[in-house]
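Report on one structure; see the data block that follows.
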Amino acid sequence: TCAFAGQKKVLAAYEEAVKCGYSGARAGRLHTPHGVFDTPMFMPVGTQATVKAVSPRELKEMGAQIILSNTYHLYLRPGTELVAEAGGLHRFMDWDGGILTDSGGFQVFSLGPLRKITEEGAAFRSHIDGSTQFLSPEIAIKAQMNLGADIIMAFDECIPYPAEYQYAKLSTERTTRWAERSQKAHTRSGQALFAIVQGGMYQDLRRVSANDLVSLDFPGYGIGGLSVGEPKPVMYEMLEQTVPLLPENKPRYLMGVGTPDCLVEAVRYGIDMFDCVFPTRVARNGTAMTKSGRLVVKNAAYAKDFLPIDENCGCYACQNFSRAYIRHLLKADEIFGLRLTTIHNLYFLLDFTKKMRQAILEDRFLSFREEFLAQYCK
Ligand SMILES: O=c1[nH]cnc2cc3nc(NCc4cccs4)[nH]c3cc12
Ligand SMILES: [Zn+2]
């Protein structure tokens with residue numbers, strides 16, 4: 001079928017689900033060696049052992065519970081053995097909350113130039129110094145055990161979008177074999193290893209991937225291969241196919257998803273955990289996230305706007321500074337400007353997940369979702 005027609009069908013199915021009030025939303029508690037944390041949760045991304053422009057103390061203050069770091073980056077620099085010698089990632093970056101590390105598969109495909117994938121693993125060139133590198137399930141798991149995160153991810157291939165069915169099928173089957181190898185290589189007790197569901201944008205492959213990984217029995221499941229440029233209705237359709245096959249009593253983690261409209265839809269399908277570079281990345285080019293959409297503080301319109309970014313926001317930036325001041329800092333290339341927009345965006349998303357959790361607990365999630373989407377322009 002032509003992609004467009006398929007999409008129309010998907011849209012109809014998705015709107016049908018909304019009409020009948022389908023909601024798999026749930027509010028949970030995630031137990032880790034570094035504490036028990038509330039879901040739904042947003043995890044700030046700290047790729048190179050720091051959440052850019054904010055300190056661990058500020059992260060704690062704004063309510064961050066678990067942060068994400070990337071094995072790919074730390075493996076290349078400063079090296080995961082060095083971090084282990086420093087006492088592990090929590091000590092190294094002075095963060096006593098939860099840490100989740102991504103396994104490196106995604107970064108190899110999205111960052112490393114030239115790469116070759118075989119059954120054994122992925123050969124690539126470092127984006128830092130061009131050196132030839134190699135990652136396999138065994139190497140990625142060993143690296144994550146060195147880092148000492150509370151939750152680590154199986155080594156997978158994030159299938160590019162779009163991809164031929166045959167390629168998606170073979171790659172998904174290999175990711176399942178890599179998940180089994182990741183499990184065998186994982187010998188650190190107390191640390192949770194999550195598998196990652198793939199399957200491209202094919203309903204049947206998504207179901208096979210989910211069922212195969214559930215049979216291998218993991219403590220939690222990432223949903224990968226999404227937020228890679230596909231239309232949102234397609235992403236939601238893949239969630240609809242995948243999430244119901246995952247155990248109710250285990251966390252579901254949608255990788256790389258982070259705009260509020262996507263979060264509220266994914267929570268409706270039963271997702272518990274999210275990470276995304278979006279809030280910190282757009283902050284650094286002067287864009288603030290608000291419940292009515294994005295506000296580019298850098299714009300001339302705010303030169304004499306002495307109101308805060310959002311007068312109902314409880315963050316440090318909105319409690320103490322005006323749009324005019326933050327715009328001035330950004331125009332003057334002052335580091336403090338980036339810090340304020342980053343603090344606001346992280347606070348906004350963390351607070352948004354708190355509001356979703358409260359709505360679920362009070363059994364009013366679907367109306368919360370309706371009201372939010374009505375006000376939020378994409
Ligand atoms: O299948 C995956 N496996 C392991 N990590 C991921 C991370 C992911 N992050 C995004 N999207 C967010 C993006 C961040 C930077 C470019 S796209 N999609 C992702 C998919 C995967
Ligand atoms: Zn704010």
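Atoms within each ligand, like the ligands themselves, are counted from 1 in listed order.
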Residues that Glu173 engages under side chain to side chain donor-acceptor pair (under 3.5 Å), provided they are two or more places apart: Lys169
Donor + acceptor pair across side chains of Asn70, Thr47 (<3.5 Å): yes
More than 12 heavy atoms from other groups under 6.0 Å of CG on Asn299: yes
Plane angle bin for Phe155 and Trp178 - parallel if under 30°, tilted between 30 and 60°, otherwise perpendicular: tilted
Aromatic plane relationship, His328 with Tyr325 - under 30° parallel, 30 to 60° tilted, over 60° perpendicular: tilted
Dump all N/O pairs between ligand 1 and the protein below 3.5 Å as a table: atom names plus distance, one pair per row.
residue: ligand 1; atom: 1 (O); partner: Gln198; partner atom: NE2; Å: 2.9
residue: ligand 1; atom: 1 (O); partner: Gly225; partner atom: N; Å: 2.7
residue: ligand 1; atom: 3 (N); partner: Asp156; partner atom: OD2; Å: 2.7
residue: ligand 1; atom: 5 (N); partner: Asp102; partner atom: OD2; Å: 2.8
residue: ligand 1; atom: 11 (N); partner: Ser227; partner atom: O; Å: 2.9
residue: ligand 1; atom: 11 (N); partner: Ser227; partner atom: OG; Å: 3.3
residue: ligand 1; atom: 18 (N); partner: Leu226; partner atom: O; Å: 2.8

Glu371 and Gln375: side chain donor to acceptor below 3.5 Å: no
Nearby protein N/O/S atoms (those under 2.8 Å) for the Zn ion (ligand 2), with water ignored: Cys313 SG, Cys315 SG, Cys318 SG, His344 ND1
Under 3.5 Å donor-acceptor pairs involving side-chain atoms of residues 100-109, not counting sequence neighbours:
residue: Thr101; atom: OG1; partner: Gln144; partner atom: OE1; Å: 2.9
residue: Ser103; atom: OG; partner: Ala154; partner atom: O; Å: 2.8

Backbone of Thr280 reached by a side-chain donor or acceptor of Arg284 within 3.5 Å: yes
Worked check of ring pair (Phe, Tyr, Trp, His ring centres under 6.0 Å) between Phe124 and Tyr72: CA-CA 11 Å; Phe124 61 98; Tyr72 169 87; 5.5 Å; yes
